[in-house]
Structure formats: structure tokens, C-alpha cells
Number of protein chains: 2
Amino acid sequence: MATILIIDDEKEMRELLRLYLEPEGFTCIEADDGEEGLAQFGRRHVDLILLDIMMPKLDGYRFCMHVRERSQVPIIFLTARSDEWDRVYGLKIGADDYIVKPFSPNEVVARVHAVLRRTKGADAAPQYEAGPIVVDEKARKVTVNGKTVLLTLKEFELLVLFLKHRGQVFTREQLLDRVWGIHYVGSTRTVDTHIKTLRIKLGEAGQLIQTVWGVGYKFDETV
Amino acid sequence: MATILIIDDEKEMRELLRLYLEPEGFTCIEADDGEEGLAQFGRRHVDLILLDIMMPKLDGYRFCMHVRERSQVPIIFLTARSDEWDRVYGLKIGADDYIVKPFSPNEVVARVHAVLRRTKGADAAPQYEAGPIVVDEKARKVTVNGKTVLLTLKEFELLVLFLKHRGQVFTREQLLDRVWGIHYVGSTRTVDTHIKTLRIKLGEAGQLIQTVWGVGYKFDETV
DNA sequence: AATAGTTGTGAATATTTTGTGAAACTATTG
DNA sequence: CAATAGTTTCACAAAATATTCACAACTATT
């Protein structure tokens, strides 16, 4: 699951946060000041940063600026009193949320989840191209030979999944997991229907979505 | 001629700067910390700010952020040693230049002139246009086919967000985050209602705000 | 060629999402 | 402290999409 970097100069605070977050399945790493935090951030993949404002050496604001130079990783500020937090300022330099101490376990966990949910997939969405198909994920726009094609939600997400993993064969179950979500219940044949409509809408290019008999489907541009 | 606001906690420094600048024809006003500086800035018209970084109460960086909330007035930072100045950080929050103490009279005068020359006439109101819609963000004014349209706060901010990110699809959650603020609690359907009223007020042009079924809304002028 | 299992397809049905008007609620302003 | 403008919620209608089903068409195996 997600890895969270906790930066606070008080050991007790770090341990408290860890205590709240690890039962939720988060992996926690710690740093006791901004410099150490930057070092940790460089070493490991981090999904979210919990950051104290008042710290020796490199304070929270400056740390945030440095991180924002090279990453859009979500950052939640921790602040001792609400009045020491300058909201406008914090959000300008790229904070995603803030929590005022003292906080409840629920609050921390809820905020972390909320921020992760919000920021998921928010980073740069490039264009995908395959033969005559061009997909702009951000705008949710698809063109085939320059002509706009209107896709429904599921069709679009299927196409994007295929384009992100060209050549890979997906079973219907895998497609249901990744496009419909793991909680989907119902027939796997619904995939077939969406593949059908997607192929029709893509016209000639629909042939790029190939049936792998007895297994599932794949997107193959080498035809 | 131009009025310069000098903010520094050392009286000697302020007088030194005044000594250099007044012979050049500049009018100088002084403040000895950020709070006083903000007060002065609110009271009088200021063409340029000379700002010390290290100050009690509200430091230079924070001060700069506050000013940038409402003005594009040029700001030159003053710093005692070059290593205390974080250039990237300063430029990000909107500094125009910086001067390292100690400085020569010539240097100060030259930098002030240079910055004023550079920024003169640069504060033209940024207008956004899309088809028949023209938005003057500074004046919070919207016209459609030349006719003024009165929008409420939320409607206006929605429209500006859309215009700043044309083509990008926003989920209702993202819109709530960015227009209502990250701590909004309540139904996401309130977005729908504002989209509705915005569309009605924009008339024909309201069609440019498109519904992306199952996802959210986007502003698309390529229809 | 017969068979069993798999996939394609069109149409009917079910479900989800969005639009909308009105009412309730909240600021804001004189 | 009214009056007004703005915001949010609600309930239902309307629209769009998703799912299922039945059967045809296909593939692989004997």
C-alpha cells in the first residue's frame, strides 16, 4: 500500500502518527528534520508526506518548496496551533491539506485517505497514440484519424488500459478488476459487450483490439 | 515619480536606502516590520517594495506572499548574506530581484530602475477569452458577446478554473477542492446546481461547459 | 464432421448518473 | 434585524450507460 514519510522533530509525535497509520496498512518512514526528510525522500518512493511546520534547520515551508521543485507528492502540514498556520501561504506553496494538533486518530487517517484519493492520478497525463488512435486522458478525448469519437466511461477506460499495456493479454476478470473495480459482481460477459461497442466506435482501428481465444483480449498494433 | 516602500527592521538601513534613492527622485516611505509594511501598503500607492528577509513578526517571505495575493507590485529582496537567500523559493513567491548586503549606492539605484523598467506596463489585466466569453479576473467581470453577465462567487470561480484549464475534465470532487476549498463537507451535487445556473447565465455559450458522463465536467470550445 | 466450449451480436431491461425546480438554509448588507 | 442575494439540499424526471439474455457464429478437439 502507500508509503508515508513523517517529518517531525518530536519523536513522540512521529510514533503517535505511526501508531495510527500502520494499522491502516500504510508503511511509515520517519525523519526528524527537513534535511533528513529530503534525504529520505530522495532514497525511497513516498506516496504522501506528513510535515511539521516548526522544525530546526529546514522548516516545513522551505522543505515543501524544495520538494515541489521536483515532485507533486501530496503533503499534509501539521501545526501546533491554528493561528500559526497561514492557510493561503501554505496552499500556495503546494500543501494539500493541514491538520491542527492535537488531532484524533480518525482525523489523521481520514485526511490521509482523502488526500490520497484526491491526488490519485492527478499528475501529468500525456497523450497516448496507437496507429490512428489518439487518446488525451486529461480531456477524456479520443480521435481516430483525426475524427473525434465519443466513448462512454467504461469504453474509455478499457481503451486507456489497453494503450497503457500494449500487447499484454488481459483476461475478462483482470479487465473487470481494473476498469470496473474489485467489487464488481456480475457476469464477465459484460466485458464482451463493451469490447464490441468499443470496436465499432473505433471503426477500422477496432481490429487492433484482438481476441485471444480462451483467454481474453489484447491491444496489438503489430497487425 | 515612483514611490518606494522600504521595509527593514534596522533604522540605519532604511535611512541609507532613502539616502541613495531620494536624490534620484524617488519618494520613500518606511516600515520596520512586515505588519507595518502591509499597513503602509494598504494606505498608499506604492510602485516598488524593497524588502528585508529577516524581520520580526512577519518575515519577508510571508509578507511577499500576502502582497502577491492582491498586487503585482515589484518586490526586491534584501538579504544579509547570499546563502540565506533561496533564489528559487523567492522567485516562486513572486520576487522580482534581490540585493545582497552590503551594497553600493549605484547597485541599489540601478536595480530599482531596472526592475521598474521591466515591470512597467506589465500589470495589464489578464483576460481569458473563449468563444464569446471574456473574463477579466482582476475586475471579476464577465461578458458574453459584449454583454455583461453577473455571476456569483462560486459561479465565477468555476468559470475561471475551467478557462484556466480548458479541455481538462474535472470530477465534482476536484471542483469542490479547488473552488470550495479542501475542507468542504456536503453533497457533491451542489456542483451540479452551480453548473446549471452558470450555464443558464452564459446563455448559448453555456454549452461550452460539457458534462462528461460518469466523471464530471469540462470546458470544451472545440464543439 | 460432430461436439463442447468460447466469443460475437442485437435487443430488452436494469441501473446509474445528471438535470431541474423548489424549498430550506446561510451569509451579507443596509 | 429585516431584506436580499447566494448557497445547499432534496425529490423526482430525464437521459445516458451498463448489464443481461438468447442465440448465432466461431474455434479447438476428437
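Side chains are part of it too, since the values below use all heavy atoms of this structure and drop only hydrogens, waters and symmetry mates. All chains are named by letter (A, B, ...) in the order of the sequence lines, taking the proteins before the strands, and each is independently numbered beginning at 1.
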(message) Measure CD/A:E157 against P/C:dT16 and give the value in whole Å, please.
(response) 17 Å
(request) Name the nucleic acid region contacted by A:Y217, choosing base, sugar-phosphate or nothing; use a 4.0 angstrom heavy-atom cut-off, strictly under. (result) sugar-phosphate
(request) Tell whether A:R199 reaches the base of C:dG8 with its side chain through a donor-acceptor pair below 3.5 angstrom. (result) no
(message) Reading DNA chain D from 5' onward, which residue's closest nucleotide shows up sooner: B:V185 or B:K201?
(response) B:K201
(request) Would you mind classifying the nucleic acid contact of A:I195 as base, sugar-phosphate or nothing, using non-hydrogen atoms under 4.0 angstrom? (result) nothing
(request) Have a look at B:T193 and say if it touches a base, only the backbone sugar-phosphate, or nothing, with a 4.0 Å heavy-atom cut-off. (result) base
(message) So for B:K154 and D:dG6, does any side-chain atom that can act as donor or acceptor lie under 3.5 Å from a complementary atom in the base?
(response) no
(request) Grab the CZ-P distance between B:F156 and D:dT7 for me, whole Å please. (result) 13 Å
(message) Within this structure, what is the CD-CG distance for the pair A:E10 and A:D52, rounded to the nearest 0.5 Å?
(response) 7.0 Å
(request) Considering non-hydrogen atoms only, spot the tightest contact between A:V212 and A:K218 and give its length. (result) CG2-CG, 3.9 Å
(request) Rounded to the nearest angstrom, tell me the gap between atom CG in A:L158 and atom C1' in D:dT17. (result) 14 Å
(request) May I ask which nucleotide in the shown strands pairs with C:dA27, Watson-Crick or G-U wobble, both distances under 3.5 Å? (result) D:dT4
(request) Check the distance between C:dG19's P and B:W213's CH2 and give it to me in whole angstrom. (result) 11 Å
(message) Please determine whether a side-chain nitrogen of the Lys or Arg among A:R199 and A:E155 lies less than 4.0 Å from a carboxylate oxygen of the Asp or Glu.
(response) no
(message) Within the 4.0 Å heavy-atom criterion, would you say B:V215 contacts the bases, only the backbone, or no part of the nucleic acid?
(response) sugar-phosphate
(message) Could you measure the distance from the CG atom of A:L48 to the CD1 atom of A:I76? Nearest 0.5 Å is fine.
(response) 4.5 Å
(request) May I ask you to evaluate whether B:W180 reaches the phosphate of D:dT8, defined as a side-chain N or O under 4.0 Å from OP1 or OP2? (result) yes
(request) Could you tell me the separation between the CG atom of B:L153 and the C1' atom of C:dA27, rounded to a whole number of Å? (result) 12 Å
(request) Check whether any side-chain N or O of B:T211 sits under 4.0 Å from OP1 or OP2 of C:dG19, and answer yes or no. (result) yes
(message) The side chain of B:D192 is closest to which nucleotide in this list: C:dT7, C:dT20, D:dA18?
(response) C:dT20
(request) Measure the distance from CD on A:Q207 to P on C:dT7 and round it to the nearest whole Å. (result) 19 Å
(request) Please figure out whether A:Y184 or B:T152 has its closest DNA chain D nucleotide nearer the 5' end. (result) B:T152
(message) Tell me the interatomic distance from A:R189, atom CZ, to D:dA24, atom C1', rounded to whole angstroms.
(response) 12 Å
(message) Measuring to OP1 and OP2 of C:dT7, would you say a side-chain N or O of A:R172 lies under 4.0 angstrom away?
(response) yes
(request) Grab the two heavy atoms, one from A:A205 and one from A:V144, that are nearest each other, plus how far apart they are. (result) CB-CG1, 4.2 Å
(request) Please state how far atom NZ in B:K196 lies from atom C1' in C:dA23, giving the value in whole angstrom units. (result) 12 Å
(request) Decide yes or no on side chain to side chain donor-acceptor pair (under 3.5 Å) for A:R111 and A:Y98, but give the supporting numbers first. (result) CA-CA 9 Å; A:R111 292 277 171 81; A:Y98 65 98; over 6 Å; no
(request) Look at all strands and tell whether B:V212 reaches a base, only sugar-phosphate, or nothing, counting heavy atoms closer than 4.0 Å. (result) sugar-phosphate
(request) Would you mind classifying the nucleic acid contact of A:T190 as base, sugar-phosphate or nothing, using non-hydrogen atoms under 4.0 angstrom? (result) base
